[in-house]
Amino acid sequence: HGLVRDAKGRKMSKSLGNVIDPLDMVQKYGADAVRLALFIGTSPGQDTKLDEQKIAGYAKFVTKLWNIARYVLAQQEGKKQETGDGHPPTPPLPEGRGETKKDFSPSHREGEREGEAEPGIADVWILAKRDQLVRDVTAAYETHEYSKAAQLAYDFAWHEFADWYIEATKIEKRPNQQRTLVETLEVILKLLHPAMPFVTEMLWEAMRESRSTNYGLRESLLITQPWPIPDSRFQIPDSSIGAFDFTRELVTTIRQIRNEDKIPPKTLLDIALAPVNEQERAWCGHPEVQALVKHFGRIRNLQIVALLDG
């Protein structure tokens, strides 16, 4: 069995004064932050380092998860007020990919396929990423790689769902977005529940109350819910999700240039894009790509120019 050591790798002892009282940390940061600090970065049979700074870092993620749920539920209430029932339609999926959707999410409702809208490039991207996350986290838990499983869910929740998809939904509202937001948050809560059971159960309860109003469903505790299963319909080819990945690369590059040249974030930029092939030219001319780049990159004018030889 591995030992819990201090940040310098030393064994904790009263004589060194480096003992961390878990009860004090729970009181200060919450039980889930302490659990995550012990969960992530720990391999079976290996020693793990622990200090208050690490716990405080994971407490920030707990807060982030609260903020994610607050946004999703706020959007749900707004949708309910707009439509009178709060029933966002399910986004259309590629045909011939299986029929397992009703097992994937507890909020699935049969027959909600009328009046569907075409999903945006961000919607297609997050659905594919979500399906791959379920596969990867499930495989990690099945092979007892608990640290890897929690880290994957952590990274997806913060760096893909919150940083990119949620921000993308603020640009243009689509009929299918709310359902995608709700179902993705449900999956995140399920995948994180083994590592951080308390806050995920509380957020599930808040979502259950919303679902009982908006979806007419009455669901039990999160701990009794079935584990998410992959849906083959979400195994979307890379070419279909490439537009949003291309957008992310563009925005990341723009942000790097801003940082290197010390350009204030509030300063709007004029940029020119020079695609290197026909696929990039098509993406650069896509209205959604341009809207996303302008939003994320703080761009005023965007031009597409030919790449000069030599």
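- Listed by first and then second residue, the side chain to side chain donor-acceptor pair (under 3.5 Å) pairs involving residues 54-65 amount to none (not counting sequence neighbours).
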>> Walk me through whether W283 and I121 qualify under side chain to side chain contact (heavy atoms under 4.5 Å, CB included).
In response: CA-CA 11 Å; W283 285 334; I121 60 173; over 6 Å; no
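- Here the straight-line distance linking atom CG of D32 with atom CE of M196 works out to 4.5 Å at 0.5 Å rounding.
- Side chain of D131 to backbone of D231: a donor-acceptor contact under 3.5 angstrom is found.
- Rounding to the nearest 0.5 Å gives a distance of 5.5 Å between CD1 of I241 and NZ of K129.
- Closest non-hydrogen pair, S220 versus T224, comes out as OG-OG1, 2.7 Å.
- Using cut-offs of 30° and 60° for the angle between ring planes, the F39 and Y141 rings count as perpendicular.
- From Y165, atom OH reaches atom CD1 of I68 across 13.5 Å, with rounding to the nearest 0.5 Å.
- T184 OG1 to I126 CD1: the interatomic distance, rounded to the nearest 0.5 Å, is 6.0 Å.
- Listed by first and then second residue, the side chain to side chain donor-acceptor pair (under 3.5 Å) pairs involving residues 246-265 amount to none (not counting sequence neighbours).
- F198 and Y154 fall into different hydrophobic clusters, where Ile, Leu, Val, Met, Phe, Trp and Tyr are joined by side-chain heavy atoms under 4.5 Å apart, directly or via other members.
- R130 and T180 get closest at one heavy-atom pair: NH1-O, 4.0 Å.
- The side-chain heavy atoms of R298 and T267, taken from C-beta on, include no pair separated by under 4.5 Å.
- Side-chain contact between L192 and F61: present, with at least one pair of heavy atoms (C-beta onward) separated by less than 4.5 Å.
- Shown here for W227 and P194, the closest heavy-atom pair between the two residues is CZ3-CG, 4.1 Å.
- Partners of S147 according to the side-chain hydrogen bond (donor to acceptor under 3.5 Å, both in side chains) rule, which considers only residues two or more places apart in sequence or in another chain, do not exist here.
- You'll find the side chain of Q279 stays beyond 4.5 Å of the side chain of F246, heavy atoms only.
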> Going through the distances and angles, do Q178 and V72 end up as a side chain to side chain contact (heavy atoms under 4.5 Å, CB included)?
Replying inline: CA-CA 8 Å; Q178 181 54 36; V72 173; 4.1 Å; yes
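- Using a 4.5 Å cut-off on side-chain heavy atoms (C-beta onward), F161 and L181 make contact.
- A 4.5 Å side-chain heavy-atom check between P228 and L191 finds at least one atom pair inside the cut-off.
- Minimum interatomic distance between L222 and L189 (heavy atoms only, all atoms of both residues): CD2-O, 3.8 Å.
- Side-chain contact between F244 and L292 is present, with heavy atoms from C-beta onward closer than 4.5 Å.
- Remark: the backbone N or O of R135 is not paired with any side-chain donor or acceptor of T138 at under 3.5 angstrom.
- Nearest heavy atom pair, residue R281 against residue V305, reads NH2-O, 3.7 Å.
- Taking CG of D245 as the start and CH2 of W125 as the end, the distance is 7.0 Å to the nearest 0.5 Å.
- With no hydrogens or angles considered, no side-chain donor-acceptor pair links R179 and N176 at under 3.5 Å.
- For the residue pair D163 and E167, the shortest heavy atom distance occurs at O-CG, 3.4 Å.
- You'll find the side chain of C284 stays beyond 4.5 Å of the side chain of V289, heavy atoms only.
- Residue-environment remark: CD1 (I263) exceeds the threshold of 12 foreign heavy atoms within 6.0 Å.
- One distance of note links CZ of R70 with CG of L203; it measures 9.5 Å at 0.5 Å rounding.
- When side chains are defined from C-beta on, N301 does not count as touching K294, because their heavy atoms never get closer than 4.5 Å.
- By the rule that hydrophobic residues join a cluster once side-chain heavy atoms approach within less than 4.5 Å of another member, I299 and I304 end up as members of one cluster.
- With a 6.0 Å radius and a threshold of 12 heavy atoms from other residues, nucleotides or ligands, K11 has its NZ atom at or below the threshold.
- In terms of modelled atom types and a separation under 3.5 Å, the side chain of R35 and the main chain of A195 share a donor-acceptor contact.
- In terms of modelled atom types and a separation under 3.5 Å, the side chain of D155 and the main chain of L152 share no donor-acceptor contact.
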>> For a side chain to side chain contact (heavy atoms under 4.5 Å, CB included) check, start with the C-alpha distance between Q225 and E186, then their side-chain angles and the critical distance, and finish with the verdict.
In response: CA-CA 10 Å; Q225 293 300 303; E186 288 177 352; over 6 Å; no
